[in-house]
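Please read these numbers as outputs of a predicted model, since none were measured by experiment. For the numbers below, each heavy atom of this structure counts, side chains included, while hydrogens, waters and symmetry mates do not.
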Protein chains: 2
Amino acid sequence: MTLLRDEGLTVEELAVWRMLQRAQVRITRHLEGELLLAHDLPLASYDVLSRLAEAPERRLRMNDLAGRVLLSRSGLTRLIDRLQRDGLVNREACESDARGLFAVLTDAGAARLAEATPTYLRGVRAHFLDSLGPDEIGQVRQLVTRLAGATDAP
Amino acid sequence: MTLLRDEGLTVEELAVWRMLQRAQVRITRHLEGELLLAHDLPLASYDVLSRLAEAPERRLRMNDLAGRVLLSRSGLTRLIDRLQRDGLVNREACESDARGLFAVLTDAGAARLAEATPTYLRGVRAHFLDSLGPDEIGQVRQLVTRLAGATDAP
DNA sequence: TCTGTTTAGGTGTGCGTGCAACAAACTAAG
DNA sequence: CTTAGTTTGTTGCACGCACACCTAAACAGA
């Protein structure tokens with residue numbers, strides 16, 4: 001209210017920010033709910049599996065993976081623990097660097113990913129893309145690129 | 001990759017969705033980090049305090065508050081517990097409905113909010129609004145309104 | 001008035017996350 | 001070769017959250 005103007009934010013600007021938060025949470029919850037219900041797969045796990053599937057040799061160093069997924073290194077360690085326990089991912093040592101570990105997608109992991117992907121993509125379309133006008137994607141791309149700062153997969 | 005086209009999503013559409021997630025996490029972490037560092041106040045707590053400050057009589061029913069903040073009812077219960085412990089919020093019974101409880105902002109809570117608000121607003125401007133072109137706010141407003149689905153404060 | 005249903009809020013529990021501290025392996029300077 | 005500094009991944013810990021369940025109060029219809 002009064003606090004707002006003192007810092008030069010309009011009411012609209014604050015409302016937009018709040019709605020952005022709300023939108024993000026809303027979309028994410030829907031998506032995760034569907035993924036959990038249909039495939040017992042959390043969103044973060046799906047993200048890891050899909051990143052690995054895209055990577056050459058289906059493998060990525062823990063550190064690289066943590067950079068792509070939105071997770072701290074320790075968070076990723078635990079998540080890979082779970083995925084390994086479920087047989088979707090394996091850890092393999094790195095030849096050139098004895099400290100390094102690869103997370104590598106198993107066949108079971110690839111199968112699980114393939115199974116869940118239609119649900120995921122349908123969700124992204126239904127909860128996100130369908131709200132965009134046909135020509136808006138380009139604008140939104142430029143916008144989120146600016147907001148995201150760093151690139152997606154360096 | 002191959003999985004993508006089968007469901008009719010372009011590579012660009014998926015990239016936009018991923019960047020949106022990345023952007024949201026990035027902004028939120030920056031904002032929360034600054035708020036925590038400067039005022040030892042988590043983002044969720046700031047949100048609650050500001051919602052209460054905006055409400056008539058500085059008070060809101062737990063349920064209403066949970067609707068505005070992006071939190072489950074149980075999550076809000078615990079958060080209010082903490083805020084009450086720190087003296088920023090009090091619980092007061094509701095006259096007309098014996099089940100109801102108001103969360104009401106204390107003077108200390110209002111002071112803490114006033115102290116943290118410049119940091120918060122600066123952060124929103126720096127990490128979000130500054131990435132928008134001067135005329136983009138209106139477009140973004142329409143977009144996020146569609147994405148958020150429900151209204152902000154019904 | 002009584003009984004079944006709905007709503008408000010809180011509690012028990014388990015999960016996922018980040019931070020700080022750690023050990024091991026690499027790297028660079030002397 | 002040695003030593004100091006950096007990077008990689010893991011672990012101890014505490015925190016915050018949601019889900020399922022619970023109690024008390026309100027409401028509905030007979």
Side-chain angles (χ1 to χ4, degrees), chain A residues 21-22 24-26 28-37 40-49 59-86 88-104, chain B residues 21-22 24-26 28-37 40-49 59-86 88-104:
Chain A
Q21 293 180 103
R22 173 173 294 265
Q24 222 286 337
V25 170
R26 198 182 89 91
T28 300
R29 288 208 187 143
H30 277 259
L31 205 50
E32 172 132 42
E34 292 162 1
L35 226 39
L36 233 35
L37 181 66
D40 196 33
L41 199 64
L43 191 53
S45 300
Y46 180 88
D47 242 4
V48 164
L49 296 183
R59 71 187 52 216
L60 241 32
R61 291 281 295 265
M62 294 293 286
N63 223 354
D64 295 357
L65 190 51
R68 298 176 206 238
V69 181
L70 302 167
L71 226 52
S72 69
R73 284 206 310 266
S74 71
L76 182 64
T77 294
R78 309 288 165 67
L79 179 48
I80 295 292
D81 285 347
R82 274 168 267 150
L83 293 174
Q84 191 169 23
R85 170 173 51 73
D86 296 347
L88 306 180
V89 161
N90 268 328
R91 275 182 241 246
E92 288 183 18
C94 174
E95 307 293 333
S96 57
D97 187 342
R99 304 169 294 183
L101 276 181
F102 285 104
V104 48
Chain B
Q21 293 179 104
R22 173 173 295 266
Q24 222 286 337
V25 170
R26 198 182 88 90
T28 301
R29 287 205 188 147
H30 276 260
L31 205 51
E32 172 133 41
E34 292 162 1
L35 226 39
L36 232 36
L37 181 65
D40 196 34
L41 199 64
L43 192 52
S45 300
Y46 179 87
D47 243 4
V48 164
L49 295 182
R59 71 187 53 215
L60 242 32
R61 292 281 295 263
M62 293 295 285
N63 225 352
D64 296 357
L65 191 51
R68 297 177 206 235
V69 181
L70 302 168
L71 226 53
S72 69
R73 285 208 311 264
S74 72
L76 182 64
T77 295
R78 308 289 165 70
L79 178 50
I80 295 292
D81 285 347
R82 276 169 267 150
L83 293 174
Q84 190 169 24
R85 171 174 52 73
D86 297 347
L88 307 180
V89 161
N90 268 328
R91 274 182 241 246
E92 287 183 19
C94 175
E95 307 293 333
S96 56
D97 187 341
R99 305 171 293 182
L101 277 179
F102 284 104
V104 47

Chemist: Can you tell me if the side-chain N/O atoms of A:R91 get under 4.0 Å from OP1 or OP2 in D:dT10?
Modeler: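 True: A:R91 side-chain N/O within range (under 4.0 Å) of D:dT10 OP1/OP2.
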Chemist: Test side chain to side chain contact (heavy atoms under 4.5 Å, CB included) on A:L101 and A:E92 and set out the steps.
Modeler: CA-CA 6 Å; A:L101 276 181; A:E92 288 183 18; over 6 Å; no
Chemist: Can you tell me the distance, in whole Å, between the CG atom of B:D97 and the C1' atom of D:dC27?
Modeler: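 For the pair B:D97 CG and D:dC27 C1', the rounded distance is 11 Å.
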Chemist: Let me confirm one number: the CG-CG distance from B:L49 to B:L88, rounded to the nearest 0.5 Å.
Modeler: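 B:L49 atom CG to B:L88 atom CG measures 6.0 Å (nearest 0.5 Å).
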Chemist: Could you go through nucleotides 1-6 of chain D and list every protein N or O atom that sits under 3.5 Å from one of its N or O atoms, giving the distance for each pair?
Modeler:
none

Chemist: Reading DNA chain C from 5' to 3', where do the contacts with chain A start and stop? Cut-off is 4.0 Å to heavy atoms.
Modeler: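 The protein-touched segment is C:dG16 to C:dC26.
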Chemist: Output the rounded distance in Å from CG (A:D64) to C1' (D:dT7).
Modeler: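 Going from A:D64 (CG) to D:dT7 (C1'), I get 13 Å.
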Chemist: Please check this pair: side chain of A:S45 against backbone of A:L41, looking for a donor-acceptor N/O pair closer than 3.5 Å.
Modeler: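 Between the backbone of A:L41 and the side chain of A:S45 there is no qualifying donor-acceptor contact (under 3.5 Å).
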Chemist: Output the distance between atom CG (B:L76) and atom CG (B:L65), rounded to the nearest 0.5 Å.
Modeler: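 That separation rounds to 5.0 Å.
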Chemist: When rounded to the nearest 0.5 angstrom, what is the spacing between OG1 in A:T77 and CZ in A:R82?
Modeler: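 One gets 10.5 Å once the value is rounded to the nearest 0.5 Å.
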Chemist: Check the distance between D:dC15's P and B:L36's CG and give it to me in whole angstrom.
Modeler: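 Rounding to the nearest Å, CG of B:L36 and P of D:dC15 are 13 Å apart.
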Chemist: Return yes if some donor-acceptor pair links the side-chain N/O of A:R22 with the main-chain N/O of B:R68 below 3.5 Å, else return no.
Modeler: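 Present.
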Chemist: Does A:L70 form a side chain to side chain contact (heavy atoms under 4.5 Å, CB included) with A:D47? I'd like the steps, not just the answer.
Modeler: CA-CA 9 Å; A:L70 302 167; A:D47 242 4; 5.5 Å; no
Chemist: Looking at every non-hydrogen atom in both residues, tell me the closest pair between A:F102 and A:A93 and how far apart they are.
Modeler: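 Of all heavy-atom pairs spanning A:F102 and A:A93, the closest is CD1-O, 3.9 Å.
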Chemist: Provide a list of protein-nucleic acid N or O atom pairs under 3.5 angstrom, restricted to nucleotides 16-18 of chain D.
Modeler:
residue : atom : partner : partner atom : Å
D:dG16  : O5'  : B:R82   : NH1          : 3.2
D:dC17  : OP2  : B:R82   : NH2          : 3.1
D:dA18  : OP1  : A:R29   : NH2          : 2.9
D:dA18  : OP2  : B:S72   : N            : 2.9
D:dA18  : OP2  : B:S72   : OG           : 2.7
D:dA18  : N7   : B:S74   : OG           : 3.3
D:dA18  : N6   : B:R78   : NH1          : 3.3

Chemist: Nearest 0.5 angstrom please: B:L43 CG to B:E34 CD, how far?
Modeler: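 Between B:L43 CG and B:E34 CD, I get 10.5 Å after rounding to 0.5 Å.
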Chemist: Enter the distance from B:R61:CZ to B:R99:CZ here, rounded to the nearest 0.5 Å.
Modeler: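 Reported value, rounded in 0.5 Å steps: 7.5 Å.
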Chemist: Nearest 0.5 Å, please: how far is CZ in A:R26 from CD in A:Q24?
Modeler: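 If we round to the nearest 0.5 Å, A:Q24:CD and A:R26:CZ are 11.5 Å apart.
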Chemist: Between A:N63 and D:dT7, does any side-chain N or O lie under 4.0 Å from OP1 or OP2?
Modeler: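 For A:N63, the contact criterion (side-chain N or O under 4.0 Å from OP1 or OP2 of D:dT7) is not met.
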